[in-house]
Amino acid sequence: MRRGKAAVKAGMPPRLSARGRIVRRVERGSALPEAKIFAPTLPALDAFPFDEWRRLLARACRREGRNLLDAGDPRGWPQLRQAIADYLGPARGVACDPAQIIVLSSARQAVQLAARLMADDGDLAWVEEPGYPEVDAALISAGLKLALIPVDGEGIDTGAGRALAPHARLACVTPSHHYPLGATMSLARRLDILEWARQAGAVIVEDDYDGEFRYGGKPLTALYGLDGGERVIYVGTFSKVMFRSLRLAYMVCPAPLIDVFAAARGQIDGHAVAITQAALAEFMESGGFAAHIRHMRALYKERQDTLVALAQHYLKGALDLRPSNAGLHLVGNLPRGVSDEAVAAALPQERVSPGLLSRYYRAKPARSGLILGYAAWDEPALREGVMALARAIEASRPRVERRR
């Protein structure tokens, strides 16, 4: 019997390369969170100025016309690079020339570029433990090996890094607000990692993924802005400030590396979409971007306060959740003997999905806890989520403890 063209052929599938098998292993941890209550890293789409954004897109079409249809500069839309440079100096202490900025589709792309251009197969890279799975995926797929450097209340432990991997070629860090634990790297650690990079001839990728959202105290100067910052590649993203599907991020390159990074960025996928870059440039130039950040900062602080108050009422003794001066999420410690995996299994999966702290450790988890994103959720949703957590944590307690 003759089979149709669409029939599936029997037999072995094509064989993956060694790199392909590595990508398959790390793919699970790098998926984007679904839009469920407490999903980490999600911004407040309900408060995004959509009508203004729609007008900016239409205006970009009218103003730029057919220029938007041509192949773009791999470094990014010139007006957007200028707007980013103008923003970074006063907002983040990153003084740079627009020529140093390369517009990307994601922060992960910056890590991939740094790994491919600044290190060779088999070289070591410092990564924070616990840390962000997408960074692992980018480094491992580029052929690097991970040196797991512990994080404490001062950020990445540079002393441990020097002992474990003194000759690493790369370090990927989140100094402003560690993900997921939330620590801010101390000035002493910042100076030490810069000194290590100078001694080792290494490069630091500074991921400032949510640096716009700080609710108390003055943030420390970015690594890039300190003495020794010429070994730092500063990375920012618009996914947390705007929305995830925008797919725009950027890196600030040390001046001697601009040409090679721009060439490599062009080889990967050419350039970012022109119309969104043009619209974002005008949003920043007009002051709308800064106003949006101010509005979101106030809203997120309010939502964090709401979550903490609800947790104190409904989760006392069940989840140790404390406020933070920065970010879009909080980390809560579970009682002894309660697994975050067990709590997740007891939750209504269609509605509530916190991050599980144990999954952010590559080695044996040092802590079991829940990562609660609050930015995207109003009071009724946060209340629903907290009450679901209370039930799930109670159901996950050891039986002997529940009978007491």
Side-chain angles (χ1 to χ4, degrees), residues 19 71-89 92-121 123-127 132 134-144 168-175 193-194 197-198 200-209 211 222-226 228-239 246-274 276-277 280-281:
R19 191 181 301 277
D73 186 332
R75 295 172 299 169
W77 194 258
Q79 291 88 341
L80 179 57
R81 289 189 283 122
Q82 180 66 62
I84 292 171
D86 292 343
Y87 163 74
L88 286 176
R92 305 299 301 131
V94 176
C96 61
D97 189 275
Q100 294 176 256
I101 294 172
I102 298 176
V103 179
L104 307 167
S105 60
S106 66
R108 177 169 55 180
Q109 194 173 62
V111 177
Q112 289 174 328
L113 286 169
R116 292 177 184 275
L117 296 177
M118 308 308 299
D120 294 312
D121 283 358
D123 281 346
L124 281 169
W126 285 15
V127 293
Y132 200 42
E134 285 200 7
V135 171
D136 296 2
L139 294 171
I140 293 172
S141 64
L144 276 65
R169 293 287 297 145
L170 208 66
C172 296
V173 293
T174 53
I193 197 172
L194 289 168
R198 186 190 65 78
V203 170
I204 301 168
V205 178
E206 178 180 13
D207 184 356
D208 197 14
Y209 68 98
L223 291 176
Y224 183 93
L226 295 172
E230 66 275 0
R231 290 198 165 271
V232 176
I233 295 171
Y234 179 88
V235 181
T237 177
F238 293 102
S239 295
L246 183 66
R247 307 307 298 153
L248 287 177
Y250 56 90
M251 65 193 305
V252 181
C253 293
L257 302 178
I258 295 169
D259 291 342
V260 66
F261 269 83
R265 192 266 180 273
Q267 291 167 9
I268 290 176
D269 64 353
H271 55 85
V273 176
T276 50
Q277 292 188 79
L280 179 55

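The analysis underlying the following values was restricted to heavy atoms, covering all of them including side chains, and did not include hydrogens, waters or symmetry mates.
A 4.5 Å side-chain heavy-atom check between V232 and L194 finds at least one atom pair inside the cut-off. No side-chain heavy atom of M251 sits less than 4.5 Å from a side-chain heavy atom of Q109. Y132 places none of its side-chain heavy atoms less than 4.5 Å from the side chain of T174.
Rounding to the nearest 0.5 angstrom, the gap separating the CD1 atom in I268 from the CZ atom in R116 is 6.5 Å. A distance of 7.5 Å separates CG in D121 from CG in L144, rounded to the nearest 0.5 Å. In this structure, S106 OG and L246 CG are separated by 12.0 Å, a value rounded to the nearest 0.5 Å. Put simply, CD on E206 and SG on C172 are 11.5 Å apart, with the number rounded to the nearest 0.5 Å. Interatomic distance, CZ of R247 versus OG1 of T276, reported as 11.0 Å (0.5 Å rounding). Interatomic distance, CG of L223 versus CD1 of I193, reported as 6.5 Å (0.5 Å rounding).
A249 approaches A107 most closely through the heavy-atom pair CB-N, 3.7 Å. The shortest non-hydrogen separation linking G266 to P74 is CA-CB, 3.7 Å. Nearest heavy-atom pair, A85 versus C96, reported as atom, atom and distance to 0.1 Å: CB-O, 3.9 Å. Nearest heavy-atom pair, A222 versus V94, reported as atom, atom and distance to 0.1 Å: CB-CG2, 3.9 Å. For I101 against Y250, the heavy-atom pair with the smallest separation is CG2-CB, 4.2 Å. The two residues R231 and A202 come nearest to each other via the heavy atoms NH1-O, 3.1 Å.
With a 6.0 Å radius and a threshold of 12 heavy atoms from other residues, nucleotides or ligands, D259 has its CG atom at or below the threshold.
Checked options V127, L139, L124; the residue passing with L170 is L139 (criterion: side chain to side chain contact (heavy atoms under 4.5 Å, CB included)). Results of the side chain to side chain contact (heavy atoms under 4.5 Å, CB included) test with V252 over I233, L88, I102 single out L88 as the only residue that passes.
Q79 places no side-chain N or O within donor-acceptor distance of the main-chain N or O of A281, the cut-off being under 3.5 Å. One N or O on the side chain of R265 and one on the backbone of V103 form a donor-acceptor pair closer than 3.5 Å. Judged purely by atom type and a 3.5 angstrom limit, R81 uses its side chain to pair as donor or acceptor with the backbone of G76. Between the Q100 side chain and the C253 main chain, a donor and an acceptor come within less than 3.5 Å of each other.
Relative orientation of the Y234 and Y224 rings is perpendicular, given thresholds of 30° and 60° on the angle between their planes.
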Check your understanding: Which is it for L104 and L113 under the side-chain contact (heavy atoms from CB on, under 4.5 Å) test, yes or no, and what are the steps along the way?
Key -> CA-CA 10 Å; L104 307 167; L113 286 169; 3.8 Å; yes
